[in-house]
Asks: 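Before we start, here is the structure in question, set down as structure tokens.
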Amino acid sequence: MVRDEQYGELGKRFEQYLLDGIPALRKAGYNPFEFLRMIKTTGGVHTAKRLLASAGDTSYGFTKLWEKQKLDTSVEFAVCLPWFRELFTEAEVGRAEFRLTEHRFDLSRIHAVPVPAWCAAPTPEPTPEPPAAPTYRQRVEAEEAAQLARPATSTALTTEAVRSAVFRSLVLERAGGRCENPGCGHPGFHVIGRNDMPVVEVDHVHGLGEGGPDHPANMVVLCPNCHAVKTRGRDAEVAELRKLLAGIARQRHEAAMTGA
């Protein structure tokens with residue numbers, strides 16, 4: 001059984017910091033029992049390193065914290081605190097920062113955390129500028145790499161493509177949550193639903209079942225009416241609309257990739 005003794009007093013303080021955040025998580029409705037088991041088995045530092053070792057998808061716990069807007073209690077947040085950074089490699093800290101910014105977390109909040117009493121006061125330095133959020137290109141390329149390592153879900157009879165939540169989010173942002181059909185009867189259709197999300201559909205111009213790729217260059221945002229026309233309209237009308245939307249998807253994707 002591997003434990004954290006090699007990290008000394010600082011390793012113990014890191015583990016205690018993680019444990020001190022558990023009551024707030026339980027109060028928010030999330031009981032991280034698997035995370036606690038990992039800490040008990042291998043210690044806080046080893047647990048953090050293990051969770052950071054995955055270059056692909058984030059952990060189940062990280063996703064739950066993001067859903068509950070509690071990323072300031074995540075392992076990634078703790079790793080980025082200045083007084084714990086020496087426990088981790090630059091690559092590990094960089095991965096933690098990337099995951100946080102990937103989920104739109106403001107890294108300046110890290111520098112707002114009061115320095116603990118046990119930590120020697122550091123030499124005053126200018127507060128570093130938080131790193132810029134990943135660009136559209138960076139997020140697309142990261143998801144493309146992740147997809148290569150994430151095969152389709154297969155059974156003996158079928159192979160079902162896994163739809164990317166990252167690509168869906170990127171296309172929604174790219175369109176500003178508005179219908180992208182130039183012929184829409186309600187130009188710029190933009191309605192916010194009860195979940196504070198736009199009431200629109202992120203649609204594959206060429207469906208996955210037809211061999212179309214799950215990629216932003218093949219995806220557009222449509223209002224419910226335009227989506228119904230594309231899905232259930234007359235064949236000639238659907239063919240013309242697909243041709244139009246295919247060009248729009250490519251143009252907007254290419255513009256976003258270049259930052260235009």
Side-chain angles (χ1 to χ4, degrees), residues 1-125 127-134 139 142 146 149-150 165-166:
M1 182 183 298
V2 181
R3 285 290 298 174
D4 277 347
E5 283 75 15
Q6 69 202 75
Y7 298 107
E9 187 63 27
L10 186 59
K12 294 177 182 178
R13 292 189 184 280
F14 178 80
E15 179 172 319
Q16 190 58 51
Y17 179 88
L18 297 179
L19 294 174
D20 287 344
I22 299 301
L25 298 182
R26 288 174 171 159
K27 187 176 181 180
Y30 171 50
N31 184 20
F33 59 88
E34 178 61 20
F35 177 63
L36 286 171
R37 185 193 66 77
M38 291 172 66
I39 291 179
K40 182 177 180 181
T41 303
T42 64
V45 178
H46 273 102
T47 294
K49 287 178 175 289
R50 177 179 172 185
L51 293 173
L52 290 170
S54 172
D57 293 344
T58 54
S59 67
Y60 170 83
F62 185 94
T63 301
K64 293 295 292 184
L65 296 179
W66 173 67
E67 291 173 350
K68 294 181 177 298
Q69 299 184 349
K70 288 285 187 180
L71 287 183
D72 59 342
T73 61
S74 67
V75 165
E76 286 78 359
F77 182 92
V79 168
C80 292
L81 290 171
W83 42 92
F84 292 136
R85 286 186 174 223
E86 66 183 81
L87 293 168
F88 304 93
T89 65
E90 289 184 7
E92 288 168 337
V93 174
R95 187 170 296 138
E97 290 180 338
F98 180 80
R99 287 181 181 174
L100 291 169
T101 55
E102 175 79 354
H103 288 76
R104 295 294 188 266
F105 184 86
D106 183 1
L107 290 186
S108 66
R109 292 175 60 183
I110 291 171
H111 305 289
V113 177
V115 178
W118 54 263
C119 185
T123 302
E125 295 180 358
T127 302
E129 290 292 328
R139 294 169 69 191
R150 189 171 58 222
V166 173

Asks: So Phe84 and Val93, do their side chains get closer than 4.5 Å, heavy atoms only?
Replies: no
Asks: Quick check for you: to the nearest 0.5 Å, what is the distance between Arg95 atom CZ and Thr89 atom OG1?
Replies: 7.5 Å
Asks: Does CD belonging to Glu129 count more than 12 external heavy atoms closer than 6.0 Å?
Replies: no
Asks: Does the pair Val45 and Phe88 meet the rule for a side-chain contact (heavy atoms from CB on, under 4.5 Å), with working shown?
Replies: CA-CA 8 Å; Val45 178; Phe88 304 93; 4.1 Å; yes
Asks: Taking NZ, NE, NH1 and NH2 as the nitrogens, is one of them in Glu34 or Arg37 under 4.0 Å from a carboxylate oxygen of the other?
Replies: yes
Asks: Of all heavy-atom pairs between Leu87 and Lys49, which one has the smallest distance, and what is that distance?
Replies: O-NZ, 3.2 Å
Asks: Compare every heavy atom of Cys80 with every heavy atom of Glu97, then report the nearest pair and how far apart it is.
Replies: CG-SG, 3.4 Å
Asks: Taking the six-membered ring for Trp and the single ring otherwise, decide whether the centroids of Tyr7 and Phe14 are under 6.0 Å apart.
Replies: no
Asks: What are the two closest heavy atoms between Ala142 and Phe98, and how far apart are they?
Replies: CB-CZ, 4.3 Å
Asks: Nearest 0.5 angstrom please: Arg85 CZ to Ile110 CD1, how far?
Replies: 6.5 Å
Asks: How long is the gap from CD1 on Ile22 to CZ on Phe33, to the nearest 0.5 Å?
Replies: 12.5 Å
Asks: Between Pro134 and Glu102, which heavy-atom pair has the shortest distance, and what is it?
Replies: CG-OE1, 3.8 Å
Asks: Compare all side-chain heavy atoms of Leu36 with those of Lys40 and state whether any distance is below 4.5 angstrom.
Replies: no
Asks: Lys68 side chain to Ala28 main-chain N or O, any donor-acceptor pair under 3.5 Å?
Replies: yes
Asks: Please tell me if the side chains of Leu18 and Phe35 come closer than 4.5 Å, counting only heavy atoms from C-beta onward.
Replies: yes
Asks: Taking all non-hydrogen atoms of both residues, which atom of Leu10 and which atom of Trp83 are closest, and how far apart?
Replies: CD1-O, 3.4 Å
Asks: For a side-chain contact (heavy atoms from CB on, under 4.5 Å) check, start with the C-alpha distance between Leu25 and Lys64, then their side-chain angles and the critical distance, and finish with the verdict.
Replies: CA-CA 10 Å; Leu25 298 182; Lys64 293 295 292 184; over 6 Å; no
Asks: Using side-chain heavy atoms (C-beta onward) and a distance below 4.5 Å, is Leu81 in contact with Tyr17?
Replies: yes
Asks: Looking at Leu71 and His103, what are the two nearest heavy atoms and their distance?
Replies: CD1-CB, 4.0 Å
Asks: Could you state the interatomic distance from CZ (Phe105) to CG (Asp72), rounded to the nearest 0.5 Å?
Replies: 5.5 Å
Asks: Enter the distance from Glu76:CD to Leu65:CG here, rounded to the nearest 0.5 Å.
Replies: 8.5 Å
Asks: Strictly distance-based, threshold 3.5 Å: is any side-chain N or O of Ser108 a donor or acceptor partner for the main-chain N or O of Pro130?
Replies: no
